[in-house]
Structure formats: C-alpha cells, structure tokens
Amino acid sequence: MIKEKVELLLNQQVTHELYSAQLYLSMSSWFSEKSLDGFAKWYYVQAYEEKAHAMIIYNYIIQAGGRALLEPIKAPPHEWDSVMDVLEETVKHEEFVTSLIYNIVDVARQEKDYKVDQFFQWFVNEQVEEEDNVNKNKGRYETMGKDGKALYLLDQELGARVYVAPPLLTTMEA
Ligand SMILES: [Fe+2]
C-alpha cells in the first residue's frame, strides 16, 4: 500500500506536471505568434512530455492501490517580454520541478516507502536531462541566437525535435 503522505504528494505532482504542460503549450503559442515555429514546436513537444509525466505518476498511484484525486490546474501566463524571458522562466520552472521531485524522494524515504523512492529515481534522472536541455537552449540563444541568421538556424534546429514517449509510459500503456 502507498503511504498517505506520499500519496498526497504524488497527487499534487500529477497536477504540477499537467501545469507544466499548460505552461509550455502557452509558451509554444507565444512563439507561434512570433513566427518562431521551431521554438514553438520544441515547446509543443515538451508539453506532450509533461502530460506523459503526469500519466506515469497517475498510473503509479493506481497500481499502488491509491486514488488519484485530481485538482484544478491553474492558468499559465500568456505573455513574456522577450525570447530570453521565456527561456529563463523555463529554466526556473524546471529547477522548481526538480525541487518537487527531490521532496517526494525525501518524504518517501522518511515514510520508508522504498518503492516510491526507487520509482522516482527515473524522475530524478529525467530532471538532470530536462535542466540540461533548457539551460542549453538558453545558453545557445545567448551566444548565437540574437542576430537574424543565427536565430533562424536555432529555430530550425529546435523545430527538428520529435516526441518520443518516455519508456515508463510505453511499458505501462503496453
Ligand atoms: Fe515533468
């Protein structure tokens, strides 16, 4: 059985992941409006990934004999000052998500829920990748993205991203 304290945090995390999807879809739309279609695609794919994270945690709650008590998802911002503003907010948001994941692992250990501790190691590693990706996007924009031609190339490159379902989701959906 899943521990009550852990179940509550997992439920909250489903909502956090769905909010991440809302946030990134809103950012995607902002980029589309600016005709930065590659950035828009990157964020659109990211929104899908966040939904997949939510579904993975939802599935875990159900498999562990818990109940998914879904909460409202707050509205994301719709406007940002600049491309750099979006990239910086994305880095901040991913750092926040990492802190949430670490807290789940901390509480799971305190509650001796070693299954959740082990299960969430995938998310710990995923966050290393997420933070690396968004820091790279920001860094590359900073060093090469601002003049028109370089921005065009960066936009093209980001637009090549394709959605790949996370392995945990694939296993659970199979
Ligand atoms: Fe996520």
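Order of appearance sets the numbers: ligands from 1, and atoms from 1 within every ligand.
Taking 2.8 Å as the criterion, His53 counts as a coordinating residue of the Fe ion (ligand 1), since one of its N, O or S atoms falls below it. The Fe ion (ligand 1) lies under 2.8 Å from an N, O or S atom belonging to Glu50. Within the 2.8 Å limit, Glu17 places at least one N, O or S atom next to the Fe ion (ligand 1).
Ring pair Phe39/Phe31 is parallel by interplanar angle, where below 30° counts as parallel and above 60° as perpendicular.
Cluster membership for Val124 and Tyr60, using ILVMFWY side-chain heavy atoms within less than 4.5 angstrom, is shared.
Summarising the geometry, atom OH belonging to Tyr19 is positioned 9.5 Å from atom CZ belonging to Phe96; distances are rounded to the nearest 0.5 Å.
Looking at every heavy atom in both residues, Asn11 comes nearest to Leu69 through OD1-N, 2.8 Å.
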